[in-house]
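Heavy-atom basis, side chains included; hydrogens, waters and symmetry copies ignored.
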Amino acid sequence: MTELKKRGSQFLHNTYRIVRRLPPSGQVAVILISLVLLTGLFADWLSPHSHVLPSGNALQPPDSRHWLGTDELGIDLWAQICHGARLSIFVGLGTALLAGLGGCLIGILSGYFGGMTDRLIMRLTDLMIVLPDLPLMIVLGVFLGPSLYNIILVLAIFSWTGPARIVRSKILSMKQEKYITVAASYGAGFVHLTTRHFLPGILPLAAVSIIRLTGRAIVAEAGLSFLGLGDPTSKSWGLILNHAVQFKGIYFTEFWKWWVAAPLTAITLLVFAIAMLARASETLANSKL
């Protein structure tokens, strides 16, 4: 237990040091993302009403009891936004980690082995880049079925190419360094070079790629849910928008002011904060390279 506390304290200390080195825009982005993350984690405590059961009149405007109003079933929108934050963070991080780690591994393999392996991987990468990802994501979403895990899998399939190409270029550059050639001449294999040299060298680039993929995945999940391909049992921000827009005459009434504006504002703020953090992290990573 003492060792676990020590590692946790060290992790928080290192995180605090990294955040302090970020420019002001990056620090503001960290605060915004942290607020969204905390909102999702403590959604049950922050929302006094249920996010799946009616707790008021249908299409009730915001008041002291329902801070963001209610939808057509009388379900509190603030509760839905809080629980939707949890889903957005889960989908964004899940997709970014799966695609980022997979893309980094593919990039390392391509850059290290070269030759036929590199050509095959790069041709596959080029093919994935030129494919129209949105129509194919829609088709795969329909084929695999509405599920958060299926959405993460579909998004990861079309998101690994960016990290793979970036990491491959970095590995090709690192292979020319003297310490790599010396280690290889002494018998260091792929596993040793990867764990001791390649991974520490690509870590800043991988971190920036994962941050960017998180924002892209959140937007893509919201888009798929908006088209009706999301998990119908979830209350994601995109699904809230889907229900709002499908309501007949939504823009000819006052309902859009809270029913559409709330999830749209949440998505915009979160994606904007992630974009600012990615920009600040890229600046910090370039200063270290």
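- Remark: side-chain polar atoms of Trp160 are not paired, donor with acceptor, to backbone N or O of Cys104 under 3.5 angstrom.
- In the hydrophobic clustering of this structure, Leu124 groups with Phe158; members are Ile, Leu, Val, Met, Phe, Trp, Tyr whose side-chain heavy atoms approach within less than 4.5 Å, directly or through other members.
- To the nearest 0.5 Å, the span separating CZ on Phe42 from OG on Ser47 amounts to 13.0 Å.
- At least one side-chain heavy atom of Ile267 sits under 4.5 Å from a side-chain heavy atom of Leu241.
- In this structure, Ile274 CD1 and Ile211 CD1 are separated by 9.0 Å, a value rounded to the nearest 0.5 Å.
- For the 3.5 Å distance criterion, the side chains of Ser225 and Glu221 qualify, holding a donor opposite an acceptor.
- A parallel orientation is assigned to the rings of His51 and His83, their planes being inclined by less than 30° (bins at 30° and 60°).
- Judged purely by atom type and a 3.5 angstrom limit, Trp237 has no side-chain atom pairing as donor or acceptor with the backbone of Ala222.
- Residues forming a salt bridge (Lys or Arg N to Asp or Glu O under 4.0 Å) with Arg20 (at least two apart in sequence, or on another chain): none.
- The hydrophobic clustering, which links ILVMFWY residues whose side-chain heavy atoms are closer than 4.5 Å, places Phe90 and Leu41 together.
- Pairing each heavy atom of Leu32 with each of Ala273, the nearest pair is CB-CB, 3.8 Å.
- Contact record, Gly107 with Ile171: O-CG1, 4.4 Å, taken as the closest heavy-atom pair.
- Panel note: side chain Thr283, backbone Arg279; a donor-acceptor pair is recorded below 3.5 Å.
- Thr253 contributes a side-chain N or O that, together with a main-chain N or O of Ile250, makes up a donor-acceptor pair within less than 3.5 Å.
- With contacts defined as side-chain heavy-atom distances shorter than 4.5 Å, the pair Ile106/Ile121 qualifies.
- Nearest heavy atom pair, residue Ala244 against residue Val260, reads CB-CG2, 3.8 Å.
- In this structure, CD1 in Ile166 is found 4.0 Å from OG in Ser209, a value given to the nearest 0.5 Å.
- Using a 30° and 60° split on the angle between ring planes, His192 and His197 fall in the perpendicular class, above 60°.
- Expressed to the nearest 0.5 Å, how far SG of Cys82 lies from CG of Asp44 amounts to 9.5 Å.
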Quiz item: For His243 and Asp71, what are the C-alpha separation, side-chain angles and deciding distance, and is it a side chain to side chain contact (heavy atoms under 4.5 Å, CB included)?
Solution: CA-CA 9 Å; His243 290 164; Asp71 61 11; 5.8 Å; no
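- Checking Arg165 against Thr125 by side-chain atom types alone, no donor-acceptor pair falls below 3.5 Å.
- A donor-acceptor pair is defined here as one N or O able to donate and one able to accept, closer than 3.5 Å; such a pair exists between the side chain of Asn150 and the backbone of Leu144.
- Asn57 places no side-chain N or O within donor-acceptor distance of the main-chain N or O of Gln60, the cut-off being under 3.5 Å.
- The minimum heavy-atom distance linking Leu172 with Gly111 is given by the pair CD2-O, 3.5 Å.
- Between Gln27 and Ile31, every side-chain heavy-atom pair lies at or beyond the 4.5 Å cut-off.
- Residue pairs meeting the side-chain hydrogen bond (donor to acceptor under 3.5 Å, both in side chains) criterion with at least one partner in residues 114-124, sequence neighbours excluded, are Ser110-Asp118, Asp118-Arg168, Arg123-Asp126.
- In the hydrophobic cluster analysis, where Ile, Leu, Val, Met, Phe, Trp and Tyr join through side-chain heavy atoms closer than 4.5 angstrom, Val139 is grouped apart from Met128.
- When atom types are taken as modelled, the side chain of Lys175 and the backbone of Ile180 share no donor-acceptor pair closer than 3.5 angstrom.
- With hydrogens and angles disregarded, no donor-acceptor distance shorter than 3.5 Å links the side chain of Trp256 to the backbone of Ala261.
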Exercise. Before giving the answer on side chain to side chain contact (heavy atoms under 4.5 Å, CB included), spell out for Ile108 and Ile202 the whole-Å C-alpha distance, their side-chain angles and the decisive distance to 0.1 Å.
Key: CA-CA 9 Å; Ile108 292 174; Ile202 67 172; 3.7 Å; yes
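- The distance from the CG atom of Leu46 to the CH2 atom of Trp67 is 7.5 Å, given to the nearest 0.5 Å.
- Legend: salt bridge (charged side-chain N to carboxylate O under 4.0 Å, His left out) pairs involving residues 190-214, not counting sequence neighbours, sorted by first then second residue: Arg212-Glu282.
- Summarising the geometry, atom CG belonging to Leu224 is positioned 10.0 Å from atom OG belonging to Ser236; distances are rounded to the nearest 0.5 Å.
- Across Arg86 and Gly40, no two heavy atoms sit closer than the pair NE-O, 2.8 Å.
- Side-chain N or O atoms of Lys235 include none that pairs as donor or acceptor with a backbone N or O of Ile240 at under 3.5 Å.
- Counting all heavy atoms, side chain and backbone alike, Ala262 lies closest to Leu68 at CB-CD1, 4.1 Å.
- The main-chain N or O of Leu59 is found under 3.5 Å from a side-chain atom of Thr70 such that the two form a donor-acceptor pair.
- Linking Ile, Leu, Val, Met, Phe, Trp and Tyr whenever their side-chain heavy atoms come within less than 4.5 Å leaves Trp258 and Ile75 in two separate clusters.
- When hydrophobic clusters are built by joining Ile, Leu, Val, Met, Phe, Trp and Tyr residues whose side-chain heavy atoms come closer than 4.5 Å, directly or via intermediates, Leu213 is not grouped with Ile218.
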